[in-house]
Amino acid sequence: GAYYSVTEIKTNEMGEEERINSKSARTKEDGTLIISDLNIDRLYEIKEIKSPDTHELNSDTIRILVSINDETGELYVEKKSGKTRTDIIVNQEERIIYLEVEDNPSAKLKIQKTDKDNSEIKIANVRYKIIGDNLPESGSIVTTNKDGIAEIQGLTIGKKYILQETKAANGYYLEEATVEFTILTSDYINYDIEVSGNIKDSNIEIIENSPAITFNLTNERIPIFKIVKTDKNTGERLGKVKYKLKGKGFVENGSKLITNEQGEIQLSTLYLNEEYILEETKALEGYYTKAGEIKFQILNNNGNYSLKINSGEDIIKSTESTYTNGIPTLILYMENERIPTFNLDITKIEKDNLEVLLQGAKFRLYRDEKLVGEAISNEQGKLEFKNLYQYEEGKDFNSTYTLTEAEAPNGYTTMKDITFRVQNVDGILKFIEESNNIESPRSYEVVENTIKLVLENSPSFKLIKVDV
(Lines give C-alpha, C1' and ligand atoms only; values in the text may rest on other atoms or scores of the structure.)
Protein backbone atom coordinates (compact mmCIF):
# COMPACT_ATOMS: atom_id res chain seq x y z
CA GLY A 1 0.00 0.00 0.00
CA ALA A 2 3.04 2.33 -0.11
CA TYR A 3 3.69 4.54 -3.14
CA TYR A 4 7.22 5.39 -4.26
CA SER A 5 8.59 7.66 -6.94
CA VAL A 6 11.85 7.16 -8.82
CA THR A 7 13.09 10.30 -10.52
CA GLU A 8 16.11 10.87 -12.72
CA ILE A 9 18.29 13.78 -11.57
CA LYS A 10 20.11 15.72 -14.27
CA THR A 11 22.50 18.61 -13.82
CA ASN A 12 22.21 21.32 -16.50
CA GLU A 13 24.90 23.64 -17.83
CA MET A 14 24.25 26.10 -15.01
CA GLY A 15 25.01 23.40 -12.46
CA GLU A 16 21.35 23.23 -11.39
CA GLU A 17 19.54 19.99 -10.80
CA GLU A 18 16.56 19.06 -12.93
CA ARG A 19 14.16 16.24 -12.21
CA ILE A 20 13.07 14.31 -15.28
CA ASN A 21 11.49 10.99 -16.23
CA SER A 22 9.75 10.44 -12.90
CA LYS A 23 8.05 7.08 -12.38
CA SER A 24 5.90 5.85 -9.51
CA ALA A 25 4.55 2.51 -8.33
CA ARG A 26 2.74 0.92 -5.43
CA THR A 27 4.07 -1.88 -3.29
CA LYS A 28 2.41 -5.28 -3.54
CA GLU A 29 0.95 -7.20 -0.63
CA ASP A 30 4.41 -8.62 0.11
CA GLY A 31 5.80 -5.07 0.32
CA THR A 32 7.80 -5.19 -2.95
CA LEU A 33 7.62 -3.02 -6.05
CA ILE A 34 9.51 -3.04 -9.36
CA ILE A 35 10.35 -0.02 -11.47
CA SER A 36 11.86 -1.03 -14.80
CA ASP A 37 13.63 0.61 -17.76
CA LEU A 38 16.07 2.69 -15.76
CA ASN A 39 19.00 4.14 -17.68
CA ILE A 40 22.70 3.57 -17.06
CA ASP A 41 24.97 6.36 -15.90
CA ARG A 42 22.15 8.20 -14.26
CA LEU A 43 21.53 9.61 -10.79
CA TYR A 44 18.15 8.55 -9.36
CA GLU A 45 16.15 9.85 -6.42
CA ILE A 46 13.90 7.38 -4.63
CA LYS A 47 11.20 8.75 -2.32
CA GLU A 48 8.12 7.43 -0.54
CA ILE A 49 5.17 9.62 -1.48
CA LYS A 50 2.42 7.79 0.39
CA SER A 51 2.71 5.32 3.22
CA PRO A 52 0.21 2.61 4.22
CA ASP A 53 -2.38 3.68 6.77
CA THR A 54 -0.66 1.56 9.38
CA HIS A 55 2.76 3.18 9.00
CA GLU A 56 4.40 6.56 9.11
CA LEU A 57 5.58 8.20 5.89
CA ASN A 58 9.32 7.77 5.48
CA SER A 59 10.59 11.27 4.80
CA ASP A 60 14.11 10.07 3.92
CA THR A 61 15.24 10.53 0.30
CA ILE A 62 17.59 7.94 -1.19
CA ARG A 63 19.89 8.79 -4.10
CA ILE A 64 21.72 6.16 -6.11
CA LEU A 65 24.11 6.45 -9.05
CA VAL A 66 23.69 3.62 -11.56
CA SER A 67 26.68 2.84 -13.84
CA ILE A 68 28.62 0.04 -15.59
CA ASN A 69 32.07 -1.08 -14.51
CA ASP A 70 34.24 -0.61 -17.60
CA GLU A 71 36.55 -3.49 -16.73
CA THR A 72 34.03 -6.14 -15.70
CA GLY A 73 30.93 -4.90 -17.46
CA GLU A 74 28.96 -5.39 -14.27
CA LEU A 75 26.19 -3.16 -13.08
CA TYR A 76 27.41 -0.90 -10.33
CA VAL A 77 25.22 1.04 -7.88
CA GLU A 78 26.57 3.69 -5.52
CA LYS A 79 24.37 5.07 -2.73
CA LYS A 80 24.87 8.81 -2.61
CA SER A 81 22.48 9.63 0.25
CA GLY A 82 19.63 8.25 2.28
CA LYS A 83 19.14 5.29 4.53
CA THR A 84 18.42 1.71 3.58
CA ARG A 85 17.72 -1.13 5.96
CA THR A 86 20.46 -3.28 4.42
CA ASP A 87 23.18 -2.87 1.84
CA ILE A 88 22.11 -2.48 -1.77
CA ILE A 89 22.09 -5.81 -3.62
CA VAL A 90 22.56 -6.07 -7.38
CA ASN A 91 21.46 -9.15 -9.35
CA GLN A 92 23.97 -8.99 -12.23
CA GLU A 93 22.29 -11.71 -14.24
CA GLU A 94 18.82 -10.10 -14.25
CA ARG A 95 20.14 -6.55 -13.89
CA ILE A 96 17.93 -5.92 -10.87
CA ILE A 97 18.78 -3.54 -8.03
CA TYR A 98 17.42 -4.50 -4.62
CA LEU A 99 16.87 -1.79 -2.02
CA GLU A 100 15.26 -2.55 1.31
CA VAL A 101 13.73 0.35 3.21
CA GLU A 102 11.46 0.40 6.20
CA ASP A 103 8.65 2.52 7.60
CA ASN A 104 8.01 2.96 11.27
CA PRO A 105 4.56 1.81 12.34
CA SER A 106 1.98 4.53 12.92
CA ALA A 107 -0.84 4.24 15.43
CA LYS A 108 -4.60 4.08 15.11
CA LEU A 109 -6.93 5.67 17.63
CA LYS A 110 -10.34 4.17 18.24
CA ILE A 111 -12.90 6.11 20.28
CA GLN A 112 -15.71 4.15 21.91
CA LYS A 113 -18.47 6.44 23.19
CA THR A 114 -21.03 5.24 25.72
CA ASP A 115 -23.56 6.56 28.22
CA LYS A 116 -21.86 7.34 31.52
CA ASP A 117 -24.43 5.45 33.58
CA ASN A 118 -25.20 2.64 31.12
CA SER A 119 -22.30 1.31 29.03
CA GLU A 120 -24.74 -0.71 26.92
CA ILE A 121 -25.92 2.53 25.33
CA LYS A 122 -23.60 3.48 22.47
CA ILE A 123 -23.71 7.15 21.55
CA ALA A 124 -23.68 8.15 17.88
CA ASN A 125 -23.10 11.58 16.30
CA VAL A 126 -20.48 12.76 18.78
CA ARG A 127 -17.95 14.94 16.97
CA TYR A 128 -14.26 15.09 17.86
CA LYS A 129 -11.27 17.11 16.73
CA ILE A 130 -7.78 15.69 17.07
CA ILE A 131 -4.74 17.95 16.80
CA GLY A 132 -1.14 16.85 16.41
CA ASP A 133 1.65 15.62 14.15
CA ASN A 134 0.89 14.45 10.61
CA LEU A 135 -2.61 15.99 10.75
CA PRO A 136 -4.03 19.20 9.25
CA GLU A 137 -3.08 22.30 11.20
CA SER A 138 -6.69 22.90 12.21
CA GLY A 139 -7.04 19.26 13.26
CA SER A 140 -8.89 16.24 11.88
CA ILE A 141 -12.62 15.78 12.53
CA VAL A 142 -14.19 12.39 13.26
CA THR A 143 -17.75 11.50 14.27
CA THR A 144 -18.95 8.41 16.12
CA ASN A 145 -21.12 6.00 14.14
CA LYS A 146 -24.26 4.14 15.23
CA ASP A 147 -22.08 1.86 17.36
CA GLY A 148 -20.51 4.85 19.11
CA ILE A 149 -17.17 4.32 17.35
CA ALA A 150 -14.87 6.80 15.60
CA GLU A 151 -11.40 6.02 14.28
CA ILE A 152 -8.40 7.92 13.00
CA GLN A 153 -5.20 6.42 11.59
CA GLY A 154 -1.70 7.61 10.87
CA LEU A 155 -0.75 8.93 14.30
CA THR A 156 2.98 9.35 14.89
CA ILE A 157 4.64 7.36 17.64
CA GLY A 158 6.23 9.58 20.27
CA LYS A 159 4.25 12.70 19.36
CA LYS A 160 1.72 14.44 21.57
CA TYR A 161 -1.94 14.64 20.47
CA ILE A 162 -4.92 16.55 21.82
CA LEU A 163 -8.43 15.09 21.53
CA GLN A 164 -11.33 17.50 21.98
CA GLU A 165 -15.06 16.83 21.87
CA THR A 166 -16.63 19.60 19.78
CA LYS A 167 -20.24 18.46 19.55
CA ALA A 168 -22.19 16.16 21.84
CA ALA A 169 -25.09 13.98 20.80
CA ASN A 170 -28.57 15.32 21.40
CA GLY A 171 -29.56 14.85 25.03
CA TYR A 172 -26.00 14.70 26.37
CA TYR A 173 -23.64 17.19 27.98
CA LEU A 174 -20.61 18.26 25.96
CA GLU A 175 -17.39 17.00 27.56
CA GLU A 176 -15.39 20.21 27.77
CA ALA A 177 -12.13 18.73 29.09
CA THR A 178 -9.58 17.64 26.47
CA VAL A 179 -7.66 14.36 26.42
CA GLU A 180 -3.91 14.64 25.82
CA PHE A 181 -1.90 11.54 24.95
CA THR A 182 1.40 10.28 23.58
CA ILE A 183 2.13 6.77 22.32
CA LEU A 184 5.55 5.61 23.53
CA THR A 185 7.95 2.88 22.41
CA SER A 186 11.67 2.14 22.50
CA ASP A 187 11.76 -0.71 20.02
CA TYR A 188 8.57 -0.48 17.90
CA ILE A 189 7.56 -3.80 19.40
CA ASN A 190 6.34 -2.90 22.87
CA TYR A 191 4.16 0.16 23.35
CA ASP A 192 2.81 2.24 26.18
CA ILE A 193 0.56 5.28 26.36
CA GLU A 194 0.88 8.45 28.39
CA VAL A 195 -2.56 9.99 28.78
CA SER A 196 -4.32 12.69 30.80
CA GLY A 197 -7.93 13.80 30.78
CA ASN A 198 -11.36 12.49 31.54
CA ILE A 199 -11.43 8.95 30.13
CA LYS A 200 -13.12 5.85 31.48
CA ASP A 201 -10.27 3.54 30.46
CA SER A 202 -7.83 2.83 27.62
CA ASN A 203 -6.02 -0.12 26.12
CA ILE A 204 -3.45 -0.95 23.40
CA GLU A 205 -3.38 -3.89 21.02
CA ILE A 206 -1.07 -4.67 18.12
CA ILE A 207 -2.73 -5.07 14.72
CA GLU A 208 -0.51 -5.84 11.72
CA ASN A 209 2.57 -4.77 13.69
CA SER A 210 1.01 -1.38 14.47
CA PRO A 211 -0.39 -0.16 17.79
CA ALA A 212 -4.14 0.42 18.00
CA ILE A 213 -5.28 2.49 20.97
CA THR A 214 -8.83 2.45 22.27
CA PHE A 215 -10.24 5.19 24.49
CA ASN A 216 -13.49 4.41 26.23
CA LEU A 217 -15.14 7.78 26.71
CA THR A 218 -18.50 8.62 28.21
CA ASN A 219 -21.09 11.37 28.11
CA GLU A 220 -23.55 12.26 30.82
CA ARG A 221 -27.22 12.58 29.97
CA ILE A 222 -28.84 15.98 30.22
CA PRO A 223 -31.91 15.49 32.39
CA ILE A 224 -35.18 17.19 31.61
CA PHE A 225 -36.06 19.91 34.11
CA LYS A 226 -39.76 20.61 34.24
CA ILE A 227 -41.94 23.11 36.10
CA VAL A 228 -45.60 22.18 36.50
CA LYS A 229 -47.92 25.00 37.59
CA THR A 230 -51.41 24.32 38.98
CA ASP A 231 -54.31 25.98 40.78
CA LYS A 232 -53.90 25.46 44.51
CA ASN A 233 -57.49 24.37 45.05
CA THR A 234 -58.57 22.70 41.82
CA GLY A 235 -55.31 21.32 40.44
CA GLU A 236 -56.06 22.96 37.09
CA ARG A 237 -52.93 23.53 34.98
CA LEU A 238 -52.05 27.21 34.65
CA GLY A 239 -50.52 28.67 31.50
CA LYS A 240 -48.98 32.11 30.97
CA VAL A 241 -47.17 32.13 34.31
CA LYS A 242 -43.89 34.00 33.93
CA TYR A 243 -40.58 33.06 35.54
CA LYS A 244 -36.99 34.22 35.55
CA LEU A 245 -34.16 31.67 35.74
CA LYS A 246 -30.57 32.60 36.60
CA GLY A 247 -27.49 30.41 36.43
CA LYS A 248 -24.95 28.83 34.11
CA GLY A 249 -26.08 28.86 30.51
CA PHE A 250 -28.43 31.83 30.95
CA VAL A 251 -27.95 35.57 30.60
CA GLU A 252 -26.59 37.38 33.65
CA ASN A 253 -29.89 38.99 34.59
CA GLY A 254 -31.81 35.76 34.06
CA SER A 255 -33.79 34.32 31.16
CA LYS A 256 -37.54 34.76 30.90
CA LEU A 257 -39.69 31.63 30.87
CA ILE A 258 -43.46 31.15 30.59
CA THR A 259 -45.67 28.12 31.18
CA ASN A 260 -47.47 26.69 28.16
CA GLU A 261 -51.15 25.74 27.90
CA GLN A 262 -50.44 22.60 29.91
CA GLY A 263 -48.96 24.72 32.68
CA GLU A 264 -45.46 23.42 31.96
CA ILE A 265 -41.98 24.72 31.30
CA GLN A 266 -39.49 22.13 30.05
CA LEU A 267 -35.73 22.65 29.75
CA SER A 268 -32.86 20.37 28.71
CA THR A 269 -30.06 22.89 29.14
CA LEU A 270 -29.27 22.88 32.86
CA TYR A 271 -25.84 21.80 34.08
CA LEU A 272 -25.18 19.32 36.85
CA ASN A 273 -24.08 20.59 40.27
CA GLU A 274 -24.58 24.24 39.28
CA GLU A 275 -26.87 26.36 41.46
CA TYR A 276 -29.83 27.98 39.73
CA ILE A 277 -32.22 30.65 40.99
CA LEU A 278 -35.88 30.47 39.93
CA GLU A 279 -38.28 33.33 40.58
CA GLU A 280 -41.91 33.77 39.57
CA THR A 281 -42.31 37.24 38.11
CA LYS A 282 -45.96 37.31 37.04
CA ALA A 283 -48.84 34.97 37.75
CA LEU A 284 -51.71 34.19 35.45
CA GLU A 285 -54.32 36.96 35.62
CA GLY A 286 -56.55 36.33 38.63
CA TYR A 287 -53.86 34.63 40.74
CA TYR A 288 -51.40 35.80 43.36
CA THR A 289 -47.79 35.81 42.25
CA LYS A 290 -45.73 33.36 44.30
CA ALA A 291 -43.12 35.65 45.83
CA GLY A 292 -39.59 34.53 46.64
CA GLU A 293 -36.63 32.73 45.08
CA ILE A 294 -35.97 29.02 44.79
CA LYS A 295 -32.31 28.02 44.73
CA PHE A 296 -31.64 24.50 43.48
CA GLN A 297 -29.12 22.11 41.94
CA ILE A 298 -29.41 19.03 39.74
CA LEU A 299 -27.34 16.13 41.04
CA ASN A 300 -26.37 12.78 39.56
CA ASN A 301 -25.36 10.10 42.04
CA ASN A 302 -24.33 7.08 39.97
CA GLY A 303 -27.24 7.46 37.60
CA ASN A 304 -29.73 8.59 40.23
CA TYR A 305 -30.74 12.13 39.28
CA SER A 306 -32.29 14.40 41.88
CA LEU A 307 -33.21 17.99 42.68
CA LYS A 308 -31.47 19.52 45.67
CA ILE A 309 -33.41 22.51 47.02
CA ASN A 310 -31.02 24.89 48.75
CA SER A 311 -33.63 27.51 49.66
CA GLY A 312 -37.26 28.34 48.96
CA GLU A 313 -38.75 25.00 49.98
CA ASP A 314 -41.82 26.79 51.35
CA ILE A 315 -42.64 28.02 47.83
CA ILE A 316 -42.64 24.52 46.35
CA LYS A 317 -45.51 22.05 46.53
CA SER A 318 -43.34 18.99 45.80
CA THR A 319 -40.58 17.54 43.58
CA GLU A 320 -40.40 14.32 41.59
CA SER A 321 -37.65 12.31 39.89
CA THR A 322 -38.83 10.13 37.02
CA TYR A 323 -38.03 9.17 33.40
CA THR A 324 -39.45 10.35 30.08
CA ASN A 325 -38.65 7.96 27.24
CA GLY A 326 -35.59 6.83 29.16
CA ILE A 327 -34.43 10.38 29.92
CA PRO A 328 -34.10 11.41 33.58
CA THR A 329 -36.80 13.97 34.35
CA LEU A 330 -36.87 16.25 37.39
CA ILE A 331 -40.18 17.95 38.11
CA LEU A 332 -40.85 20.97 40.29
CA TYR A 333 -44.53 21.21 41.20
CA MET A 334 -45.72 24.73 41.98
CA GLU A 335 -49.11 26.17 42.92
CA ASN A 336 -50.82 29.52 42.64
CA GLU A 337 -53.71 30.73 44.75
CA ARG A 338 -56.65 32.32 43.00
CA ILE A 339 -57.50 35.86 44.13
CA PRO A 340 -61.05 36.03 45.52
CA THR A 341 -63.32 38.34 43.53
CA PHE A 342 -66.45 40.44 43.91
CA ASN A 343 -68.85 42.35 41.68
CA LEU A 344 -69.66 46.04 42.05
CA ASP A 345 -73.25 47.03 41.29
CA ILE A 346 -73.97 50.78 41.20
CA THR A 347 -77.30 52.55 41.12
CA LYS A 348 -77.20 56.20 40.12
CA ILE A 349 -79.85 58.56 41.59
CA GLU A 350 -80.53 62.24 42.05
CA LYS A 351 -79.38 63.56 45.38
CA ASP A 352 -82.13 63.46 48.03
CA ASN A 353 -84.57 61.98 45.53
CA LEU A 354 -84.53 58.20 45.41
CA GLU A 355 -87.17 58.03 42.73
CA VAL A 356 -85.09 59.83 40.09
CA LEU A 357 -82.82 57.25 38.44
CA LEU A 358 -80.04 58.79 36.37
CA GLN A 359 -79.12 57.46 32.96
CA GLY A 360 -75.91 58.33 31.12
CA ALA A 361 -73.47 58.59 34.02
CA LYS A 362 -70.11 57.39 32.67
CA PHE A 363 -67.69 55.79 35.14
CA ARG A 364 -64.12 54.57 34.85
CA LEU A 365 -62.53 52.15 37.32
CA TYR A 366 -58.76 52.13 37.95
CA ARG A 367 -56.36 49.84 39.80
CA ASP A 368 -52.64 50.59 40.03
CA GLU A 369 -53.40 53.69 37.94
CA LYS A 370 -54.48 51.42 35.10
CA LEU A 371 -57.94 51.44 33.62
CA VAL A 372 -59.81 48.30 34.64
CA GLY A 373 -63.15 49.02 33.02
CA GLU A 374 -65.65 51.59 31.86
CA ALA A 375 -69.46 51.57 32.21
CA ILE A 376 -72.48 53.89 31.63
CA SER A 377 -75.64 53.82 33.70
CA ASN A 378 -78.75 52.58 31.88
CA GLU A 379 -82.39 53.71 32.11
CA GLN A 380 -82.66 52.20 35.57
CA GLY A 381 -79.54 54.08 36.64
CA LYS A 382 -77.66 50.75 36.79
CA LEU A 383 -74.06 49.96 35.88
CA GLU A 384 -71.79 47.08 36.93
CA PHE A 385 -68.15 46.05 37.17
CA LYS A 386 -67.54 42.30 37.49
CA ASN A 387 -64.72 40.07 38.81
CA LEU A 388 -62.89 42.68 40.83
CA TYR A 389 -60.25 41.51 43.30
CA GLN A 390 -60.87 41.38 47.04
CA TYR A 391 -58.30 42.66 49.48
CA GLU A 392 -56.57 40.08 51.69
CA GLU A 393 -54.19 40.99 54.50
CA GLY A 394 -50.67 39.67 54.09
CA LYS A 395 -50.91 39.34 50.30
CA ASP A 396 -48.53 41.27 48.13
CA PHE A 397 -51.20 42.43 45.75
CA ASN A 398 -52.82 45.84 45.32
CA SER A 399 -56.60 45.47 45.54
CA THR A 400 -57.37 49.17 45.95
CA TYR A 401 -59.61 50.69 43.28
CA THR A 402 -60.46 54.25 42.30
CA LEU A 403 -63.90 54.94 40.85
CA THR A 404 -64.08 58.09 38.71
CA GLU A 405 -67.18 59.65 37.22
CA ALA A 406 -65.90 60.76 33.83
CA GLU A 407 -69.23 62.26 32.66
CA ALA A 408 -72.30 63.13 34.71
CA PRO A 409 -75.83 62.90 33.29
CA ASN A 410 -77.04 66.07 31.58
CA GLY A 411 -78.03 68.66 34.14
CA TYR A 412 -76.01 67.16 36.98
CA THR A 413 -72.63 67.75 38.52
CA THR A 414 -69.94 65.03 38.57
CA MET A 415 -69.22 63.40 41.89
CA LYS A 416 -65.78 63.16 43.43
CA ASP A 417 -63.58 60.08 43.07
CA ILE A 418 -64.05 57.16 45.46
CA THR A 419 -60.98 55.13 46.41
CA PHE A 420 -61.89 51.86 48.06
CA ARG A 421 -61.23 48.20 48.64
CA VAL A 422 -63.46 45.28 49.45
CA GLN A 423 -62.44 42.84 52.16
CA ASN A 424 -63.94 39.61 53.45
CA VAL A 425 -64.24 40.04 57.19
CA ASP A 426 -65.54 36.96 59.00
CA GLY A 427 -67.29 35.75 55.87
CA ILE A 428 -68.93 39.09 55.08
CA LEU A 429 -67.81 41.51 52.37
CA LYS A 430 -66.98 44.99 53.65
CA PHE A 431 -66.78 48.09 51.46
CA ILE A 432 -63.93 50.18 52.86
CA GLU A 433 -63.33 53.72 51.62
CA GLU A 434 -60.01 55.47 51.92
CA SER A 435 -60.10 58.01 54.75
CA ASN A 436 -58.90 60.87 52.55
CA ASN A 437 -61.95 60.60 50.34
CA ILE A 438 -64.26 63.48 51.17
CA GLU A 439 -67.51 62.20 49.76
CA SER A 440 -68.64 58.72 50.80
CA PRO A 441 -71.34 56.63 49.15
CA ARG A 442 -74.76 57.00 50.71
CA SER A 443 -75.10 53.32 51.46
CA TYR A 444 -74.22 49.84 50.28
CA GLU A 445 -75.47 46.34 50.78
CA VAL A 446 -74.03 42.89 50.13
CA VAL A 447 -75.88 40.30 48.10
CA GLU A 448 -73.85 37.10 47.88
CA ASN A 449 -70.66 38.18 46.09
CA THR A 450 -71.86 41.59 45.01
CA ILE A 451 -71.45 45.01 46.60
CA LYS A 452 -74.44 47.22 45.78
CA LEU A 453 -73.78 50.96 45.95
CA VAL A 454 -76.21 53.85 45.61
CA LEU A 455 -74.45 56.99 44.35
CA GLU A 456 -75.98 60.43 44.06
CA ASN A 457 -75.59 63.36 41.66
CA SER A 458 -76.60 66.91 42.51
CA PRO A 459 -78.52 68.91 39.90
CA SER A 460 -76.47 71.65 38.37
CA PHE A 461 -77.79 75.25 38.46
CA LYS A 462 -76.71 78.79 37.74
CA LEU A 463 -77.59 82.16 39.35
CA ILE A 464 -79.20 84.79 37.14
CA LYS A 465 -79.06 88.38 38.37
CA VAL A 466 -82.08 90.57 37.47
CA ASP A 467 -83.02 94.19 38.21
CA VAL A 468 -85.79 94.80 40.69
Side-chain angles (χ1 to χ4, degrees), residues 282-289 337-468:
K282 190 177 187 303
L284 177 65
E285 184 65 33
Y287 287 84
Y288 291 117
T289 298
E337 184 180 356
R338 187 181 286 275
I339 305 171
T341 60
F342 69 97
N343 300 322
L344 181 62
D345 183 291
I346 298 172
T347 301
K348 196 69 172 168
I349 64 170
E350 183 179 292
K351 186 175 183 180
D352 299 328
N353 192 346
L354 295 174
E355 295 181 359
V356 180
L357 303 175
L358 301 181
Q359 181 182 5
K362 184 176 182 179
F363 280 89
R364 294 191 179 111
L365 188 64
Y366 295 89
R367 184 175 67 83
D368 282 336
E369 299 183 353
K370 295 181 181 179
L371 181 65
V372 173
E374 191 173 82
I376 299 175
S377 60
N378 59 20
E379 294 178 353
Q380 287 76 41
K382 295 281 190 179
L383 59 103
E384 187 177 27
F385 294 98
K386 292 186 175 182
N387 298 319
L388 306 181
Y389 299 128
Q390 295 181 27
Y391 169 79
E392 284 191 294
E393 288 188 8
K395 300 294 185 181
D396 186 19
F397 184 83
N398 184 9
S399 299
T400 299
Y401 291 89
T402 297
L403 183 66
T404 299
E405 187 171 30
E407 296 178 15
N410 290 334
Y412 291 86
T413 60
T414 56
M415 58 176 288
K416 293 184 179 181
D417 293 349
I418 300 174
T419 300
F420 68 95
R421 65 178 186 267
V422 170
Q423 184 176 0
N424 189 320
V425 180
D426 298 329
I428 300 173
L429 292 183
K430 299 291 186 182
F431 184 86
I432 304 169
E433 264 189 83
E434 294 288 335
S435 59
N436 62 354
N437 193 347
I438 299 173
E439 184 175 322
S440 297
R442 175 186 291 187
S443 62
Y444 76 91
E445 62 176 317
V446 179
V447 178
E448 295 180 349
N449 203 42
T450 299
I451 296 288
K452 291 181 173 287
L453 288 179
V454 177
L455 301 179
E456 301 175 337
N457 278 106
S458 299
S460 59
F461 62 92
K462 60 183 177 179
L463 296 176
I464 301 175
K465 184 176 181 181
V466 295
D467 293 332
V468 176

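Here the structure is a predicted model, which means the values were calculated and not measured.
Expressed to the nearest 0.5 Å, how far CD1 of Ile346 lies from CZ of Phe385 amounts to 5.5 Å. How far CE of Met415 is from OG of Ser458: 10.0 Å, rounded to the nearest 0.5 Å. Put simply, CD1 on Ile451 and CG on Asp345 are 10.5 Å apart, with the number rounded to the nearest 0.5 Å. Expressed to the nearest 0.5 Å, how far OG1 of Thr404 lies from CZ of Phe363 amounts to 9.0 Å. Note that CZ of Phe397 is 10.5 Å distant from CD of Glu392, once rounded to the nearest 0.5 Å. For the atom pair Ile418 CD1 and Leu344 CG, the distance stands at 9.0 Å (nearest 0.5 Å).
For residues 396-406, the salt bridge (Lys or Arg N to Asp or Glu O under 4.0 Å) pairs, not counting sequence neighbours, are Lys348-Glu405.
Residues Tyr412 and Glu407 fail the side-chain proximity criterion, which asks for heavy atoms closer than 4.5 Å.
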Chi angles and distances behind the side-chain contact (heavy atoms from CB on, under 4.5 Å) call for Lys382, Glu384: CA-CA 7 Å; Lys382 295 281 190 179; Glu384 187 177 27; over 6 Å; no

Verdict with reasoning, Asp417 to Glu434, per side-chain contact (heavy atoms from CB on, under 4.5 Å): CA-CA 11 Å; Asp417 293 349; Glu434 294 288 335; over 6 Å; no

Worked check of side chain to side chain donor-acceptor pair (under 3.5 Å) between Thr402 and Thr419: CA-CA 4 Å; Thr402 297; Thr419 300; 3.3 Å; yes

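By the 30° and 60° cut-offs, the orientation of the rings of Tyr401 relative to Phe420 is parallel.
When each of Leu388, Asn387, Leu403 is tested with Val372 by the rule side-chain contact (heavy atoms from CB on, under 4.5 Å), just one qualifies, namely Leu388.
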